[in-house]
Number of protein chains: 2
Amino acid sequence: MKIAVTGKGGVGKTTISGMLARLLAAEGHRVLAIDADPDANLASALGISEAEFRKITPIAKMKEEAEKRTEASGSGSYFILNPKVDDLPEKYCLEHAGVRLLSMGTVEQGGTGCVCPEHTLVRRLMKHLLIERDDVVIMDMEAGIEHLGRGTAESVDALIIVVEPGRRSVQTAEQIKRLAGDIGIKNTFVVGSKIRDEADGRFITGALQDIELLGLVSLSDVVREADLKGVSPFDIGGDVVDEIRSIKDTLFAKVAGAS
Amino acid sequence: MKIAVTGKGGVGKTTISGMLARLLAAEGHRVLAIDADPDANLASALGISEAEFRKITPIAKMKEEAEKRTEASGSGSYFILNPKVDDLPEKYCLEHAGVRLLSMGTVEQGGTGCVCPEHTLVRRLMKHLLIERDDVVIMDMEAGIEHLGRGTAESVDALIIVVEPGRRSVQTAEQIKRLAGDIGIKNTFVVGSKIRDEADGRFITGALQDIELLGLVSLSDVVREADLKGVSPFDIGGDVVDEIRSIKDTLFAKVAGAS
């Protein structure tokens with residue numbers, strides 16, 4: 001299954017992506033996590049240190065190298081070979097607790113341009129990557145909606161929109177749902193995040209009745225503690241891991257049912 | 001003074017931009033606010049309703065119309081005329097409580113491309129807009145760092161990086177500071193946001209010693225209440241307005257001192 005996680009900035013996309021990836025790997029799935037946000041730190045949410053993360057080459061560099069090796073000149077030709085997860089060259093991948101991590105790349109220097117070429121590469125990789133029945137690819141998207149203009153996630157099997165209790169977060173979710181429809185994404189779901197009490201839960205379910213809800217994740221000191229310690233909340237454990245497990249079960253039941 | 005407000009997603013950029021704009025207008029400045037985030041809602045932080053906001057034309061459409069009118073063919077020629085704030089055509093501006101609001105534009109349809117052309121227009125507008133001594137332009141940037149690759153804010157007099165207590169928000173701030181230096185922005189400042197207690201304040205000042213601090217904004221129910229009601233926190237008032245006033249005073253003292 002190919003999954004993308006999206007939503008307004010700061011709602012908890014990266015934390016939820018990282019926990020889902022770690023949980024699925026712990027349950028025996030082969031998991032590829034893709035950090036598709038030039039400003040995110042999926043590595044840290046997976047429990048990988050900053051220093052380890054800096055060792056891998058962003059896939060933005062894959063294109064030039066693939067072209068050199070294959071002497072192909074068209075862009076993206078590497079991905080048209082339909083690589084499997086195991087075929088991805090090791091220098092682009094970091095493995096931690098059963099999760100392989102790829103990074104899209106970031107803005108290295110101010111004034112040097114947008115990250116459109118990086119998005120094009122990620123879109124092609126997602127499209128052409130061959131996965132087996134139990135493989136899972138989880139892509140943590142950049143904040144906001146521009147990636148939907150770019151169609152970066154157009155070939156995913158499920159798009160998870162993370163929403164926190166608040167009007168602006170809900171507005172973003174509604175816009176994402178509409179734009180995702182434009183690029184042909186069939187399975188769009190909501191996960192409520194930073195839920196403090198029952199009223200927050202009711203706010204989310206009431207505000208987003210048109211999008212299927214996978215579940216709610218409580219506002220938890222575990223997440224804050226993990227961020228400050230630089231570990232994955234999955235390693236600390238507690239209720240929040242149970243909430244993620246329930247969301248994962250619901251997702252798999254719904255997407256398997258839909259296909 | 002031309003100001004851009006930036007930072008990781010969800011830290012409070014839009015709220016702080018909106019309150020600064022309203023405060024400056026209340027003090028007699030002529031204020032132009034620019035919503036440069038395809039996923040933000042600066043209008044709502046200024047106290048403008050969704051319905052009112054939909055009436056204005058995003059400046060992305062200004063280019064075609066300007067070209068039609070002037071029969072110029074080069075892109076951006078309109079801005080090279082160095083318009084003043086008052087010259088901006090009314091259909092692109094919404095005025096509320098003394099603040100004129102411009103919108104960059106958003107992604108109208110999934111799969112139709114990036115917002116690079118919109119960023120180019122905003123960059124040119126910021127560069128060529130002529131302002132008088134007491135005029136203030138406040139631009140609310142998109143979450144993250146891509147706008148620094150694009151150089152959208154290259155001609156501002158001050159860049160305010162909003163930071164919440166948390167490692168990832170601090171990492172983004174450090175990266176922004178470096179990238180802002182690349183595009184020649186001289187005055188970069190930090191504002192701490194969502195501060196719950198003294199420990200949070202110490203975390204911000206300790207983590208970002210290399211960037212000048214303008215002040216701290218407390219985590220406040222006023223902001224949450226304003227978001228749910230669709231008004232500006234400035235209209236509700238309270239301590240948070242005093243904190244914004246102090247930040248504004250420090251900013252003006254530092255930038256006036258530096259120029």
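In what follows, chains carry the letters A, B, and so on, assigned in the order in which the sequence lines appear, proteins first and then strands, with residues in each chain numbered from 1.
When each of B:Leu179, B:Val170, B:Val115 is checked for heavy-atom pairs under 4.5 Å with chain A, B:Leu179 comes out on top. Ranked by heavy-atom pairs under 4.5 Å with chain A, the list B:Val107, B:Ile183, B:Leu148, B:Val11 is led by B:Val107. Among B:Gly144, B:Gly166, B:Cys114, the residue with the largest count of heavy-atom pairs under 4.5 Å with chain A is B:Cys114. Counting heavy-atom pairs closer than 4.5 Å to chain B, the top-ranked of the candidates A:Pro38, A:Gly10, A:Gly110 is A:Gly110. Interface summary for chain B: among A:Gly9, A:Gly184, A:Gly151, A:Gly149, the most heavy-atom pairs under 4.5 angstrom belong to A:Gly149.
Once rounded to the nearest 0.5 Å, the distance linking CG of B:Leu159 with CD1 of B:Ile211 reads 9.5 Å. Between B:Ile244 atom CD1 and B:Leu20 atom CG the span is 5.5 Å, to the nearest 0.5 Å. Residue A:Ile34 holds its CD1 atom at 9.0 Å from CG of A:Leu101, rounded to the nearest 0.5 Å. Separating the CD1 atom in B:Ile195 from the CG atom in B:Leu216 is a distance of 5.0 Å, to the nearest 0.5 Å. Note that CG of B:Leu94 is 10.0 Å distant from CG of B:Leu102, once rounded to the nearest 0.5 Å. Once rounded to the nearest 0.5 Å, the distance linking CG of B:Leu208 with CZ of B:Phe203 reads 8.0 Å.
Two residues are said to be in side-chain contact when any heavy atoms from C-beta on lie closer than 4.5 Å; B:Val137 and B:Ile3 fail this criterion. Side-chain contact check for B:Phe234 versus B:Val241: some heavy-atom pair is nearer than 4.5 Å. When side chains are defined from C-beta on, B:Met141 does not count as touching B:Val5, because their heavy atoms never get closer than 4.5 Å.
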Check every N and O of chain A against chain B and note each donor-acceptor pair under 3.5 Å, with its distance.
from     : atom 1 : to       : atom 2 : distance (Å)
A:Gly9   : O      : B:Gly10  : N      : 3.3
A:Gly10  : N      : B:Gly9   : O      : 3.3
A:Asp39  : OD1    : B:Thr172 : OG1    : 2.8
A:Asp39  : OD2    : B:Thr172 : OG1    : 3.2
A:Asn41  : ND2    : B:Gln171 : OE1    : 3.1
A:Thr106 : OG1    : B:Gln175 : NE2    : 3.3
A:Glu108 : O      : B:Arg178 : NH1    : 3.0
A:Gly110 : N      : B:Asp182 : OD2    : 2.9
A:Gly111 : N      : B:Leu148 : O      : 2.7
A:Gly111 : N      : B:Gly149 : O      : 3.3
A:Thr112 : N      : B:Gly149 : O      : 3.1
A:Gly113 : N      : B:Gly149 : O      : 2.7
A:Val115 : N      : B:Glu146 : OE2    : 2.8
A:Glu146 : OE1    : B:Arg150 : NH1    : 3.3
A:Glu146 : OE1    : B:Arg150 : NH2    : 3.4
A:Glu146 : OE2    : B:Val115 : N      : 2.8
A:Glu146 : OE2    : B:Arg150 : NH2    : 2.5
A:Leu148 : O      : B:Gly111 : N      : 2.7
A:Gly149 : O      : B:Gly111 : N      : 3.3
A:Gly149 : O      : B:Thr112 : N      : 3.2
A:Gly149 : O      : B:Gly113 : N      : 2.7
A:Arg150 : NH1    : B:Glu146 : OE1    : 3.3
A:Arg150 : NH2    : B:Glu146 : OE1    : 3.4
A:Arg150 : NH2    : B:Glu146 : OE2    : 2.5
A:Arg167 : N      : B:Asp227 : OD2    : 3.1
A:Arg167 : NE     : B:Asp227 : O      : 2.7
A:Gln171 : OE1    : B:Asn41  : ND2    : 3.1
A:Thr172 : OG1    : B:Asp39  : OD1    : 2.8
A:Thr172 : OG1    : B:Asp39  : OD2    : 3.2
A:Gln175 : NE2    : B:Thr106 : OG1    : 3.3
A:Arg178 : NH1    : B:Glu108 : O      : 3.0
A:Asp182 : OD2    : B:Gly110 : N      : 2.8
A:Asp200 : OD1    : B:Arg224 : NH2    : 3.2
A:Arg224 : NH2    : B:Asp200 : OD1    : 3.1
A:Asp227 : O      : B:Arg167 : NE     : 2.7
A:Asp227 : OD2    : B:Arg167 : N      : 3.1

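In this structure, chain B has heavy atoms under 4.5 Å from both the backbone and the side chain of A:Ala45.
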